[in-house]
Amino acid sequence: MKNQSVTSNLDWISVLLYLLLVVMGWLNIFSTSIPIEFDTFEFDQYYGKQLIFILLTIPVIVVVLSIDAKIYEKFSLVFYAVGILLLLGLFVFGKTVKGQTNWYGIGSFGFQPSEFVKTATSLLLAKYLSDSQVFLKNLNHQLFAFGIIFLPVLLILMQPDAGSAMIFFSLVLVLNREGLPEWYLWTGFFAIVLFFSSLLIQPLYVILGIVVLMIFHYLRARRVDRIAIGYLIVFIAATSFVLSVDFVFESVLEPHQKDRINVLFDDTIDKKNEGYNLNQSMIAIGSGGLIGKGFMEGTQTKGGFVPEQHTDYIFTTVGEEWGFIGSAVVILIFVSLLLRIIYLAENQKTKFSRIYGYCVASILFTHFFVNITMLIKLFPTIGVPLPFFSYGGSSLWAFTILLFIFLKLDANKVNEW
């Protein structure tokens with residue numbers, strides 16, 4: 001059978017959703033960075049640079065779609081190795097910005113390798129998990145899969161860039177989809193709950209809560225004599241974790257990280273200092289009301305009250321100028337793209353393509369979820385961009401490559417046996 005062209009099989013629904021997000025993102029960047037006295041279009045402004053980045057995505061997409069789909073699977077280890085080398089190179093050639101050495105300086109532009117390593121990690125993880133000899137019920141196979149994820153995490157944490165490192169943990173969802181025992185996810189979930197519970201109330205009460213829950217579950221379980229030792233181990237581990245939270249919070253976390261957590265739970269935090277960013281973002285979003293103040297009419301935006309509004313806080317512009325309805329539309333587009341990717345992933349003919357599709361969905365979802373929730377005081381403030389929306393060439397190109405590799409794999413499925 002003759003191979004069909006990529007364009008004839010490309011999922012144009014995903015492409016349209018992608019284009020909508022990119023265009024809407026640029027309009028918001030334009031609104032945040034345009035001077036009050038606007039006379040001429042200037043390419044050295046954020047809106048001008050972002051337009052250049054957007055135009056350069058066209059050849060990036062062409063190259064991604066032109067490469068044979070099998071190359072992404074065959075050379076996944078090479079892509080991963082290059083990504084790791086780029087992360088290591090930061091410790092020698094990296095540019096330090098705001099205490100983080102996570103950029104290569106190239107003239108007036110910067111290159112952030114951690115954004116691209118997400119794609120390389122997804123490719124290698126998909127390659128490994130698609131091996132017919134790999135079973136995630138096997139401990140050695142679990143450790144190897146975790147190793148693929150945690151190696152870049154370790155290097156990124158050393159930069160230090162906790163926000164980017166955290167995104168990689170979303171790939172554990174893919175492992176769960178491919179057979180990883182569910183207790184891993186439940187353990188992670190309860191660890192988060194216990195951590196924040198121990199910060200909010202006395203550890204003794206948290207431990208008593210653990211005891212009550214375990215007794216309730218223990219009495220309902222069958223063959224309790226066989227699992228009693230398991231409950232004891234869980235209790236000891238949970239209690240040790242709870243008692244260590246205060247030490248970790250006070251002695252391990254950096255001051256700015258503690259401030260970001262405190263801001264969530266303590267209304268007395270100084271809103272002119274530690275709580276300034278979050279307070280201003282909530283004011284901007286709330287001031288938009290139902291329909292917003294109108295494009296380029298946001299007073300918070302024009303006044304420059306929200307720091308980094310063109311990057312991590314870009315959604316505050318949506319809330320202020322487009323209101324609740326505009327914000328809901330943007331969220332709907334994101335959700336539609338995520339659901340479309342999952343739908344396409346489930347219909348792949350190869351395991352590699354399916355797993356990679358789920359990696360794409362997990363990474364995009366985590367970026368989207370964390371970015372939106374941190375602006376409305378539901379998640380600690382972490383520096384992660386809103387995909388296809390926030391200012392930045394590295395993030396835009398990285399997300400574009402991440403998505404269009406999958407669209408290439410999907411378009412090629414008609415040629416798979």
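When reading the values below, keep in mind they use all heavy atoms of this one structure, side chains included, and skip hydrogens, waters and symmetry mates. Since the structure is predicted, the reported quantities are computational estimates derived from the model, not experimental observations. Numbers here simply count residues along the sequence, with the first being 1.
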Residues in ring-ring contact (aromatic ring centres under 6.0 Å, His included) contact with Tyr184, at least two apart in sequence or another chain: Phe146
Contact check, side chains of Ile372 and Leu386, non-hydrogen atoms, under 4.5 Å: yes
Under 3.5 Å side-chain donor-acceptor pair for Glu321 and Ser31: yes
Student check: side-chain heavy atoms of Ile261 and Phe196 closer than 4.5 Å: yes
For Glu182, all residues meeting salt bridge (Lys or Arg N to Asp or Glu O under 4.0 Å), sequence neighbours excluded: none
Counterpart residues, ring-ring contact (aromatic ring centres under 6.0 Å, His included), relative to Phe169 (two or more places apart): Phe150
Atom pairs and distances, donor-acceptor, side-chain atoms in residues 71-93, under 3.5 Å, two or more places apart:
{"unit_1": "Tyr72", "atom_1": "OH", "unit_2": "Val64", "atom_2": "O", "d": "2.6"}
{"unit_1": "Ser76", "atom_1": "OG", "unit_2": "Glu73", "atom_2": "O", "d": "3.1"}
{"unit_1": "Tyr80", "atom_1": "OH", "unit_2": "Ile148", "atom_2": "O", "d": "2.7"}

Tyr104 atom OH, over 12 foreign heavy atoms within 6.0 Å: yes
In residues 197-205, what donor-acceptor pairs under 3.5 Å come from side-chain atoms, sequence neighbours left out?
{"unit_1": "Ser197", "atom_1": "OG", "unit_2": "Val193", "atom_2": "O", "d": "2.7"}
{"unit_1": "Ser198", "atom_1": "OG", "unit_2": "Leu194", "atom_2": "O", "d": "2.7"}

Pairwise side-chain contact, Val245 with Val206, heavy-atom cut-off 4.5 Å (strictly under): no
Lys95, NZ atom: more than 12 neighbouring heavy atoms under 6.0 Å: no
Heavy-atom neighbours of Leu378 CG exceed 12 at 6.0 Å: yes
Under the ring-ring contact (aromatic ring centres under 6.0 Å, His included) test, residues paired with Phe111 that sit two or more places apart: Phe116
Sequence neighbours excluded - salt bridge (Lys or Arg N to Asp or Glu O under 4.0 Å) pairs with any residue from residues 109-122: Glu115-Lys118
Min side-chain heavy-atom separation Met282-Ile285 under 4.5 Å: no
Pairs satisfying ring pair (Phe, Tyr, Trp, His ring centres under 6.0 Å), at least one member in residues 344-363, at least two apart: none
Salt bridge (Lys or Arg N to Asp or Glu O under 4.0 Å) involving Asp312 - partner list, sequence neighbours excluded: none
Aromatic ring pairing Phe195/Phe241, orientation class (parallel under 30°, perpendicular over 60°, tilted between): tilted
Side chain to side chain donor-acceptor pair (under 3.5 Å) contacts in which one or both residues fall within residues 386-405, not counting sequence neighbours: Tyr18-Thr400
Indicate every side-chain donor-acceptor pair of residues 327-343 with a distance under 3.5 Å to a residue at least two apart or in another chain.
{"unit_1": "Ser327", "atom_1": "OG", "unit_2": "Gly323", "atom_2": "O", "d": "2.9"}
{"unit_1": "Ser336", "atom_1": "OG", "unit_2": "Leu332", "atom_2": "O", "d": "2.7"}
{"unit_1": "Arg340", "atom_1": "NE", "unit_2": "Asp11", "atom_2": "OD1", "d": "3.2"}
{"unit_1": "Arg340", "atom_1": "NE", "unit_2": "Asp11", "atom_2": "OD2", "d": "3.1"}
{"unit_1": "Arg340", "atom_1": "NH2", "unit_2": "Asp11", "atom_2": "OD1", "d": "2.5"}

Sequence neighbours excluded - salt bridge (Lys or Arg N to Asp or Glu O under 4.0 Å) pairs with any residue from residues 189-207: none
Any side-chain heavy-atom pair of Asp410 and Lys413 under 4.5 Å: yes
Student check: side-chain heavy atoms of Asn28 and Trp322 closer than 4.5 Å: yes
